[in-house]
Amino acid sequence: MSREIVAVAADHAGYEMKDALKADLEGLGLEVLDLGTNGADSVDYPDFGHAVGQAIAENRATRGLVVCGSGIGISIAANRHPGVRAALCHDGLTAKLSRLHNNANVLALGARIIGIETARDAVAAFFTTDFEGGRHQRRVEKIETN
């Protein structure tokens, strides 16, 4: 059986957090597709949000992790792609709820907003929680069709 592939990307503000969280993802048995960036040189966050969104839209990955300074811009860029439901989360609870109720498939984090331990909690919650379905299914379908 092949492992699930998670596309990860960050801008210059989030690359250190992204790199630290890759080991956590691998520890959960997930394969990481790193789409950059890999340094502190200034880059444009939309390029990296789009890269993850495109990887999911093209079925090269089933889920994603994006990190920028606030998490806002990179999540907006990722959400421009069909089938992407990127959720900006600030802790383990919001990450868990984004999976349970919204079937989010991309976790967005703000490296200037939360610390690494909170980010690790969010990653653990997001990537180990399944979608609850039920009454939430019709709501997710409305997101996809409207």
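Nothing fancy with the numbering, it's 1 onward along the sequence.
Between Ser98 and Cys89, the shortest heavy-atom contact is OG-SG, 3.9 Å. Between Asp11 and Cys68, the shortest heavy-atom contact is OD1-CA, 3.2 Å. The shortest heavy-atom contact between Ile113 and His90 is CG2-CD2, 3.7 Å. Counting all heavy atoms, side chain and backbone alike, Ala111 lies closest to Gly14 at CB-CA, 3.9 Å. The minimum heavy-atom distance between Ile74 and Ala10, with the atom names listed, is CD1-CA, 4.1 Å.
Residue pairs meeting the salt bridge (charged side-chain N to carboxylate O under 4.0 Å, His left out) criterion with at least one member in residues 92-118, sequence neighbours excluded: Glu117-Arg120. The list of salt bridge (charged side-chain N to carboxylate O under 4.0 Å, His left out) pairs with a residue in residues 67-94, not counting sequence neighbours, reads Arg85-Glu144. Identified under the ring pair (Phe, Tyr, Trp, His ring centres under 6.0 Å) test for residues 102-136, with sequence neighbours left out: His101-His136. Counting only residues at least two apart or on different chains, the side chain to side chain donor-acceptor pair (under 3.5 Å) pairs with a member in residues 63-74 are Glu4-Arg63.
Asn38 is linked by a side-chain hydrogen bond (donor to acceptor under 3.5 Å, both in side chains) to Lys18, counting only residues two or more places apart in sequence or in another chain. With sequence neighbours excluded, the residues that form a side-chain hydrogen bond (donor to acceptor under 3.5 Å, both in side chains) with Lys22 are Asp34. In this structure, Asn79 has no side-chain hydrogen bond (donor to acceptor under 3.5 Å, both in side chains) partners at least two apart in sequence or on a different chain. For Asp121, the side-chain hydrogen bond (donor to acceptor under 3.5 Å, both in side chains) test picks out no residue, with sequence neighbours left out.
Leu97 belongs to a hydrophobic cluster whose other members, connected by ILVMFWY side-chain contacts under 4.5 Å either directly or through intermediates, are Leu93, Leu100. With a 4.5 Å cut-off between side-chain heavy atoms of Ile, Leu, Val, Met, Phe, Trp and Tyr, the cluster of Leu88 takes in Ile72, Ile76.
In this structure, the side chains of Val84 and Asn105 come closer than 4.5 Å at one or more pairs of heavy atoms.
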Practice item. Start with the C-alpha gap between Val106 and Val66, add the side-chain angles, then the distance that decides, and say whether side-chain contact (heavy atoms from CB on, under 4.5 Å) holds. Key: CA-CA 7 Å; Val106 175; Val66 293; 3.9 Å; yes

Review point. Given Ile56 and Thr62, is the side-chain contact (heavy atoms from CB on, under 4.5 Å) satisfied, shown in steps?
Key: CA-CA 6 Å; Ile56 290 171; Thr62 54; over 6 Å; no

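Looking at Thr118, its side chain never comes within 3.5 Å of a backbone N or O of Ile114 through a donor-acceptor pair. At distances below 3.5 Å, not a single donor-acceptor pair connects side-chain atoms of Asn102 with backbone N or O atoms of Ala104.
Tracing side-chain contacts under 4.5 Å through hydrophobic residues (I, L, V, M, F, W, Y), one reaches Val123 starting from Leu30; they form part of the same cluster. Under the 4.5 Å side-chain heavy-atom criterion for ILVMFWY residues, no single connected hydrophobic cluster contains both Ile5 and Val8. Under the 4.5 Å side-chain contact rule for hydrophobic residues, Met17 and Val6 share a cluster. A continuous path of ILVMFWY side-chain contacts below 4.5 Å connects Leu65 to Ile116, so both sit in one hydrophobic cluster.
Here the CG atom belonging to Leu109 is positioned 10.0 Å from the OG atom belonging to Ser75, to the nearest 0.5 angstrom.
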Mind listing the side-chain donor-acceptor pairs of residues 46-54 below 3.5 Å, one per line with the distance, residues two or more places apart or on another chain?
residue	atom	partner	partner atom	Å
His50	ND1	Ala77	O	3.4
His50	ND1	His81	NE2	2.9
Gln54	NE2	Glu58	OE2	2.6

